[in-house]
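Working notes, beginning with the structure itself.
These figures come from a predicted structure and were not determined experimentally. Proteins come first, then strands; the chains are lettered A, B, ... in the order of their sequence lines, and each starts at number 1.
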Protein chains: 2
Amino acid sequence: MNEHTIINPLLTDGSLFLSNISVDNVIFGYHDKSLKVLLLHPTAIKKWALPGGYIYKDETIENAAIRVAKDRTGLDNLYFKQCKFYSDPNRTKDEEFNTQKLEDMTGYKLGKDHWIFNQHISSCFYTLTDYSKVTPQGDYYASECLWFSINDLPPLMFDHKKMIKDALDILRIHLYHFPVGYELLPEKFTIPEIHSLYETLLNKSLDVRNFTKKLLKVGIVDKLDERKNIGAHRAPFLYKFNKDVYQDALENGMALFI
Amino acid sequence: MNEHTIINPLLTDGSLFLSNISVDNVIFGYHDKSLKVLLLHPTAIKKWALPGGYIYKDETIENAAIRVAKDRTGLDNLYFKQCKFYSDPNRTKDEEFNTQKLEDMTGYKLGKDHWIFNQHISSCFYTLTDYSKVTPQGDYYASECLWFSINDLPPLMFDHKKMIKDALDILRIHLYHFPVGYELLPEKFTIPEIHSLYETLLNKSLDVRNFTKKLLKVGIVDKLDERKNIGAHRAPFLYKFNKDVYQDALENGMALFI
DNA sequence: CAAATAGTGTCTCTTAGACAATATCGT
DNA sequence: ACGATATTGTCTAAGAGACACTATTTG
């Protein structure tokens with residue numbers, strides 16, 4: 001992967017980047033039974049936005065998505081999935097996105113023809129993180145960067161609300177076909193932990209007995225001989241992912257009917 | 001959808017199109033137990049290529065894919081699915097793709113800096129057609145346009161071989177989740193017909209009794225009170241797709257474990 | 001009646017899904 | 001002993017998957 005120092009695209013002529021294409025990233029944050037999304041707030045604009053960026057000419061689109069997520073979260077090696085792309089020619093027409101506001105906000109003289117106002121297809125990815133490990137970082141034009149509950153989103157720019165909805169739908173379908181959890185759970189985790197994770201992501205309750213049976217049958221987790229001390233209660237067993245099965249399921253899919 | 005007259009991109013300065021992005025289309029053709037892919041052969045280049053094109057600034061990427069397929073096949077209203085995109089910065093480096101060859105082939109003076117040699121991310125779609133209904137049409141730089149068996153592909157340009165493989169993998173996964181056949185079967189079809197279709201697409205044999213049971217249980221097909229006269233053999237019953245169930249399954253997915 | 005194709009039923013075994021009592025831990 | 005959480009087994013119903021004989025049709 002190429003390393004790029006963080007620069008402010010607004011101050012470039014755009015020639016470093018591929019034209020007409022951008023990346024947006026639905027960064028989901030899970031922790032302790034709660035699911036959030038990371039959003040940016042460009043000062044002086046009333047709406048929030050997904051973390052996004054442009055694609056350097058020497059990187060792949062996937063790497064651009066990884067870079068964007070890393071810049072906002074500091075985290076590497078996240079779980080990434082390509083969702084869809086959004087190509088409506090009018091998708092970035094938004095009353096909150098214009099030269100005046102951007103100039104007021106940044107203090108730069110941009111002009112009406114700045115390349116940032118060109119038509120951009122967006123390719124959307126989602127990412128899963130443990131939000132307790134993340135200190136959200138604002139970017140070159142958004143000072144605020146905060147986690148929002150997916151049930152309580154602020155007004156969003158462009159088609160970003162649809163992107164979040166689509167990403168969540170796709171994530172939920174993926175849960176039945178791809179393993180999730182490597183980045184969200186400690187190396188050794190308990191059944192209640194992974195059970196809560198799936199319940200939260202799917203937003204529905206899952207019978208813990210059947211859930212456990214299926215995880216073990218698919219072979220995606222192995223039970224360890226250790227327990228976790230959780231204080232005043234019965235100590236739950238620890239489990240870990242079976243690396244081979246997990247990797248195969250990541251690459252080739254699996255059928256986990258939970 | 002916007003209508004665009006067919007023009008030769010090579011003769012434009014590229015300003016009609018989005019930069020750095022293109023569409024490639026894996027057009028599968030099914031007929032009578034055989035599965036093929038439509039490929040183009042640019043004269044003077046030793047390799048074959050997927051039908052592809054560029055995206056007009058006033059259309060969506062999906063419409064561009066539809067347009068490309070229509071230009072090659074003459075067909076409308078096909079089954080389309082977005083697969084993946086391909087963004088390796090070196091993906092279009094190919095010894096067969098250079099100014100000299102293109103100039104020799106077309107007779108135009110293009111120059112080394114023609115925009116067609118710019119970096120292009122490709123978004124790949126697949127399409128399903130009944131190849132017996134198609135008269136393949138060459139395009140502005142490829143006179144030959146032919147169906148190839150997916151088991152016997154010629155040398156392909158760029159990353160097109162990978163695209164075909166990926167599209168086929170994705171199609172096969174989709175078969176379990178989305179209904180297929182509306183564009184490939186007559187309005188009224190028989191069980192042997194749809195059974196052969198699925199066997200061919202999946203390249204494996206399916207027990208016809210279990211297959212029929214599942215189609216009926218999911219409700220995707222309705223049995224009619226008519227039979228099809230096939231000459232010297234027992235006349236098979238006709239079926240048709242249940243429009244409501246089919247549409248819902250297209251939009252929301254289904255679980256067809258065949 | 002032969003050749004070719006269509007059509008259909010049953011059995012077994014596995015799994016999904018519903019369901020609740022017991023074990024453990026710390027205080 | 002209690003409060004809180006973890007752990008585990010059984011039953012039933014449905015479905016997957018294996019399997020082969022009978023029915024039509026025409027020449």
Test of understanding: with side-chain hydrogen bond (donor to acceptor under 3.5 Å, both in side chains), list the residues that count as partners of [X], not counting sequence neighbours.
X: A:Tyr30; result: none
X: A:Tyr86; result: A:Asp166
X: A:Thr127; result: A:Asn25

For [X], enumerate each residue passing the salt bridge (Lys or Arg N to Asp or Glu O under 4.0 Å) test, keeping only those at least two apart in sequence or located in another chain.
X: B:Lys188; value: B:Glu226
X: B:Glu193; value: B:Lys228
X: A:Glu199; value: none

Scan residues 201-212 of chain B against DNA chain D and write down, sorted by residue number, each residue with any heavy atom closer than 4.0 Å; if none is found, say none.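 Contacting residues: B:Asp207, B:Arg209, B:Asn210.
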
Heavy atom of residues 229-239 of chain B under 4.0 Å from DNA chain D: which residues?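 Only B:Gly231, B:Ala232, B:His233, B:Arg234, B:Ala235 qualify.
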
For the helix from C:dC1-D:dG27 to C:dT27-D:dA1, what angle separates the axis at the start from the axis at the finish, each from five pairs, in steps of 10°?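 For the helix from C:dC1-D:dG27 to C:dT27-D:dA1, the axes at either end differ by 10°.
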
Atom CZ of A:Phe189 and atom OH of A:Tyr182: how far apart are they, to the nearest 0.5 Å?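 Going from CZ on A:Phe189 over to OH on A:Tyr182, the span is 10.0 Å.
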
How many angstroms lie between atom CG of A:Asn242 and atom CD1 of A:Ile220, to the nearest 0.5 angstrom? 7.5 Å

Which heavy atom in B:Ile121 sits nearest to a heavy atom in B:Ser87, and how many Å separate them? CG1-CB, 3.7 Å

Shortest non-hydrogen contact between A:His195 and A:Asp207, atoms and distance: NE2-C, 4.3 Å

Return whichever of A:Lys213 or B:Pro192 has its heavy-atom-nearest nucleotide of DNA chain C closer to the 5' end.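 Result of the comparison: B:Pro192.
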
Touch class at under 4.0 angstrom, heavy-atom based, for B:Lys228 against every strand present: nothing

Answer with base, sugar-phosphate or nothing: what part of the nucleic acid does B:Lys214 contact at a heavy-atom distance below 4.0 Å?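 Here B:Lys214 touches the backbone only, sparing every base.
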
Below 4.0 angstrom, N of the basic side chain to O of the carboxylate: do A:Arg91 and A:Asp24 qualify? yes

Euclidean distance, atom NZ of residue B:Lys217 to atom C1' of C:dT8 [Å, nearest integer]: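 Spelled out: NZ on B:Lys217 to C1' on C:dT8 is 18 Å.
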
Which pairs of donor and acceptor atoms, one on a side chain in residues 210-219 of chain B, lie under 3.5 Å apart (sequence neighbours left out)?
{"residue": "B:Asn210", "atom": "OD1", "partner": "B:Lys213", "partner atom": "NZ", "Å": "3.4"}
{"residue": "B:Thr212", "atom": "OG1", "partner": "B:Val208", "partner atom": "O", "Å": "2.6"}
{"residue": "B:Lys214", "atom": "NZ", "partner": "B:Phe257", "partner atom": "O", "Å": "2.9"}

Footprint ends on DNA chain D, 5' to 3', for atoms under 4.0 angstrom from a heavy atom of chain B, come out as D:dG15 to D:dT26

Side-chain atoms of residues 168-180 of chain A: list all donor-acceptor pairs with protein atoms under 3.5 Å, sequence neighbours left out, distances to 0.1 Å.
{"residue": "A:Asp169", "atom": "OD2", "partner": "A:Lys165", "partner atom": "NZ", "Å": "2.8"}
{"residue": "A:Arg172", "atom": "NE", "partner": "A:Leu201", "partner atom": "O", "Å": "2.7"}
{"residue": "A:Arg172", "atom": "NH2", "partner": "A:Leu201", "partner atom": "O", "Å": "3.2"}
{"residue": "A:His174", "atom": "ND1", "partner": "A:Tyr126", "partner atom": "OH", "Å": "2.7"}
{"residue": "A:His177", "atom": "ND1", "partner": "A:Met254", "partner atom": "O", "Å": "3.4"}

